[in-house]
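One structure is given below, encoded as structure tokens.
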Amino acid sequence: MTAGPEQIAEALDRLARGGVVAFPTETVYGLGADAFNEAAVRRVFELKGRPAHNPLIVHVADEAGARRVSSEWPEAARRLAAAFWPGPLTIVVPRAPDLPDIVTAGGPTVAVRAPAHHITLALLQAYGRPLVGPSANPSGRISPTTADHVRASFPSEAVYVLDGGPCRGGIESTVVAPEADRAVILRPGLVAPDQIARVLGLPVVPATRSADHGPGPLPSPGMLEAHYAPQAPAVLFGPEHWPGLLARAGGPVVVISPDLRSLPEGHSLVLMPTGPREYASRLYSGLREADELAPALIAVERPWPRRGPTPEPGDDPVWWAIADRLARATRPA
Ligand code: TXA
Ligand code: MG
């Protein structure tokens, strides 16, 4: 059942007492706690088993909320928020000095976004304070796109779940760090680099670990970790791997593909949508369905138009965000 005023009131009460509340967003469910309550934020790290060096995203209702957690709100951030909030864009800015260190993993910046979901916007407005909200999954595992996914991962005494129905977007927000003369994409998502470039009038570049970055801390610690991983071994395959792929697995295989393949007895197919936004929306629930069958192997077929190792220039940019998630969830076939 979708949460209404009573459930929101219960959630507000829990947050005020330092509790943890899972909330729906347009991307994935978040594991929420008062960003200024250090003990509550620590509980979020513990529940997720999240390494302390990986900072959390702070969720706000609007730009005023973002100013509360930052020490500087640059013109670029102002433009991005005006263009994309509420929506799936997280903006990295200098942090406010009174924000607990645990939120930013001790770093000088904070990642902040206003989610486009009426239940969570109502929650944020009524609470009047920012909420941390990492994806509501145990660290390294598949992000949740339904309330049931969240309930399956955490005890009901520890996490109060606001049910907002299935998440429309299905993959986590784009994370962008605006700089003086460019913007760096720390995590690709549904907001594409060229959309950001048009709004800023600046070049937009992907984050790299290249030499130009130097020896300092990584721009976005979460980018390094294995992520979105099912329990079963999972591979990403293309047409060149298909012959013999099932036989080599030595047991039941679940194939995740937008192509309607007929499979020999014992194997199963999770049929995916062909459009990039529809595919993104189904990706994590598809991986979970495959995992529930406890197969010897999950074989994910490259879903972008030409089925090559990566999407190609000219392909819908959402395929690049999907390619990023699939690369983290699988190993090459
Ligand atoms: O769509 C989303 O963003 C979801 C929903 C719930 O809003 N949240 C989410 O949070 O995906 P999480 O914690 O699973 O991912 C946050 C990512 C991580 O890769 C983290 O390393 C990065 O953002 N991040 C957080 N704070 C940062 C900062 N100050 N600088 C750079 N990267 C940061
Ligand atoms: Mg996450």
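As the structure lists them, so they are numbered: ligands from 1, and atoms in each ligand from 1.
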Worksheet entry | From the candidates I57, V58, T109, L56, the one that places a heavy atom nearest atom 23 (O) of ligand 1 | I57
Fill in: Option of least heavy-atom distance to atom 24 (N) of ligand 1 (set: P55, G30, G32, G169)
P55
Heavy-atom contacts under 4.0 Å between [X] and ligand 1: side chain, backbone, both, or neither?
{"X": "R95", "value": "neither"}
{"X": "E26", "value": "neither"}
{"X": "L186", "value": "side chain"}
{"X": "V92", "value": "side chain"}

Whether [Y] and [X] form a salt bridge (side-chain N of Lys/Arg under 4.0 Å from carboxylate O of Asp/Glu) is what I want to check.
{"X": "R67", "Y": "E72", "value": "no"}
{"X": "E278", "Y": "R282", "value": "no"}
{"X": "D316", "Y": "R277", "value": "no"}
{"X": "R14", "Y": "E10", "value": "yes"}
{"X": "R113", "Y": "E26", "value": "yes"}
{"X": "D34", "Y": "R43", "value": "no"}
{"X": "E292", "Y": "R288", "value": "no"}
{"X": "R141", "Y": "D291", "value": "no"}

What atoms of ligand 1 come within less than 4.0 Å of a heavy atom belonging to [X]?
{"X": "S135", "result": "8 (N), 9 (C), 10 (O), 12 (P), 14 (O)"}
{"X": "Y29", "result": "6 (C)"}
{"X": "R113", "result": "1 (O), 2 (C), 3 (O), 5 (C), 7 (O)"}
{"X": "T27", "result": "1 (O), 2 (C), 4 (C), 5 (C)"}
{"X": "H59", "result": "5 (C), 6 (C), 7 (O)"}
{"X": "A111", "result": "25 (C), 26 (N), 27 (C), 29 (N)"}
{"X": "S173", "result": "1 (O), 2 (C), 3 (O)"}
{"X": "P134", "result": "10 (O), 12 (P), 13 (O)"}

Fill in: Derivation of the ring pair (Phe, Tyr, Trp, His ring centres under 6.0 Å) call for H59 and F23
CA-CA 11 Å; H59 291 70; F23 55 74; 5.0 Å; yes
Discussion item. Please enumerate all residues that pass side-chain contact (heavy atoms from CB on, under 4.5 Å) together with A147, with sequence neighbours excluded.
Written reply: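 Once residues adjacent in sequence are excluded, the partners of A147 under the side-chain contact (heavy atoms from CB on, under 4.5 Å) criterion are Y29, R151, V161, D163.
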Practice prompt. Answer with yes or no whether the hydrophobic clustering places V199 together with W73; edges join I, L, V, M, F, W, Y residues whose side-chain heavy atoms lie under 4.5 Å apart.
Written response: yes
Fill in: Reported CG-to-OG distance for the pair L269 and S257, which is rounded to 0.5 angstrom
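Reported value, rounded in 0.5 Å steps: 6.5 Å.
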Fill in: Parallel, tilted or perpendicular, as decided by the 30° and 60° cut-offs, for the rings of W304 and W319
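The arrangement is perpendicular - the two ring planes meet at more than 60°.
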Discussion item. Are there over 12 heavy-atom neighbours, none belonging to E240, within less than 6.0 Å of that residue's CD?
Written reply: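 Counting other residues, nucleotides and ligands, CD of E240 exceeds 12 neighbours.
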Item to complete: Only protein N/O/S atoms count here: give how many lie under 2.8 Å from the Mg ion (ligand 2).
Response: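 Step by step: take the Mg ion (ligand 2), keep protein N, O, S below 2.8 Å, and you get 1.
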Worksheet item: Non-hydrogen atoms of P115 versus ligand 1: any pair closer than 4.0 Å?
Response: no
Worksheet entry | Min N/O separation R187 to ligand 1 under 3.5 Å | yes
